Amino acid sequence: MAEPAADAGSIQRKLRLLMELRRAGIADARVLGAIEKTPRERFVLSAFADQAYENVALPIDHGQTISQPYVVALMTEKLELGARHKMLEIGTGSGYQTAILARLARRVFTIERHRELLRQAEGRLAELRLHNVVFRFGDGSKGWPEQVPFDRVIVTAAAAEVPPALIDGLAPGGLLVAPVGGDRRDQQLLRVRRTDNGFLTEDLGLVRFVPLVTGPPVRPEAGNA
Ligand code: SAH
């Protein structure tokens, strides 16, 4: 894919978005810096490229969505990521959130159940030279048993409860951020911290995500979107 040069308009739109995120309470300069460095227009469908720096979720292939920039920023900030952290992401989707995480963590393991989305995300991250990401095609609700424990876990699709395998895979002191709620209009973003004595859960507010779907993943040849 040819690299489209960033035009003055898109730079301005990106600066406006960063200001909006700051106004909305995102204060972590590392998170804002990662967003600034990541060309969101490459992660959206070409028909929506002109909206890439609007603070909205946009459709991607297979009926999925690239999350709203504010939600990406909030979830990333709440993960309190450090450069030594090994993390797990469930729901690669476009790979946009993955790219932001890859700039802040040591290594990102990411799982997606649509093979085609995973392949596209892998290509985008390679183009951006983000090489500290390992991709897996499969059902992320089972976690990544060969790689536990994880310092940080993020889930970008909503389930009625956080899959137990993901909580079990948290390292001591680890943090997990995930949307929870079966009904699309009533999901809470939760942060779970593993402490010496158990788990602490905080509510981070209302969100709207596509559902976490368990069971066999979707191959392109299955003709199943
Ligand atoms: N962070 C992504 C969000 C994509 S939407 C982005 O900003 O682009 C959520 C993604 O989770 C979808 O691509 C969907 O296919 C995927 N997903 C849903 N259930 C899953 C599961 N059990 N395992 C892995 N991925 C899943």
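The shown structure was predicted, so the numbers you read here are calculated from the model rather than taken from an experiment. In each ligand, atom 1 is the first atom listed, and ligand 1 is the first ligand listed. Values below: every heavy atom of this structure, side chains too, minus hydrogens, waters and symmetry copies.
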May I ask you to check if ligand 1 and [X] share an N or O to N or O distance below 3.5 Å?
X: Val210; result: no
X: Glu112; result: yes
X: Thr214; result: no

Is Asp203 reaching over with its side chain to a backbone N or O of Leu190, donor-acceptor style, under 3.5 angstrom?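 Such a contact is absent between Asp203 side chain and Leu190 backbone.
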Please answer whether the main-chain N or O of His62 pairs with a side-chain N or O of Gln64 as donor and acceptor at a distance below 3.5 Å.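 Looks like yes, one N/O pair under 3.5 Å.
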Interfacing atoms of ligand 1 (cut-off 4.0 Å, heavy-atom, [X]):
X: Pro211; result: 18 (C), 19 (N)
X: Leu117; result: 13 (O)
X: His114; result: 15 (O)
X: Ile66; result: 6 (C), 7 (O), 8 (O)
X: Gln97; result: 1 (N)
X: Thr156; result: 1 (N), 2 (C), 3 (C), 5 (S), 9 (C)

Just checking, is any N or O donor in the side chain of [X] or [Y] under 3.5 Å from an acceptor N or O on the other one?
X: Glu89; Y: Thr110; answer: yes
X: Thr38; Y: Arg103; answer: yes
X: Glu41; Y: Tyr53; answer: yes
X: Thr214; Y: Ser141; answer: no

In the protein, which heavy atom is nearest to [atom], and how far is it?
atom: atom 11 (O) of ligand 1; answer: Gly91 CA, 3.2 Å
atom: atom 14 (C) of ligand 1; answer: Gln64 OE1, 3.3 Å
atom: atom 20 (C) of ligand 1; answer: Arg113 CD, 3.4 Å
atom: atom 4 (C) of ligand 1; answer: Thr65 O, 3.0 Å
atom: atom 7 (O) of ligand 1; answer: Ser67 N, 3.2 Å
atom: atom 19 (N) of ligand 1; answer: Val213 N, 2.9 Å

Compare all side-chain heavy atoms of [X] with those of [Y] and state whether any distance is below 4.5 angstrom.
X: Ser94; Y: Arg124; value: yes
X: Asp183; Y: Gln187; value: no
X: Trp144; Y: Arg136; value: yes

Distance from Gln68 atom CD to Arg208 atom CZ, nearest 0.5 Å?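 Answer for the CD-CZ pair, Gln68 versus Arg208, is 11.0 Å.
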Roughly how far apart are Thr76 OG1 and Ile154 CD1, rounded to 0.5 Å?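 Thr76 atom OG1 to Ile154 atom CD1 measures 5.5 Å (nearest 0.5 Å).
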Work out whether the distance between some heavy atom of Pro217 and some atom of ligand 1 is less than 4.0 Å.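 So Pro217 does not count as touching ligand 1.
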With a 4.0 Å cut-off on heavy atoms, is Gly138 touching ligand 1?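 Heavy atoms of Gly138 do come under 4.0 Å of ligand 1.
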Relative to [atom], which among [options] owns the nearest non-hydrogen atom?
atom: atom 23 (N) of ligand 1; options: Gly63, Gly93, Gly140, Ala57; answer: Gly140
atom: atom 6 (C) of ligand 1; options: Ser94, Ala159, Pro69; answer: Ser94
atom: atom 2 (C) of ligand 1; options: Ile60, Thr92, Leu58; answer: Thr92

A cation-pi test, strictly: NZ or CZ of Arg194 under 6.0 Å from the centre of the six-membered ring of Phe199 and no more than 45 degrees from its axis. Yes or no?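 Not satisfied by the 6.0 Å and 45° rule.
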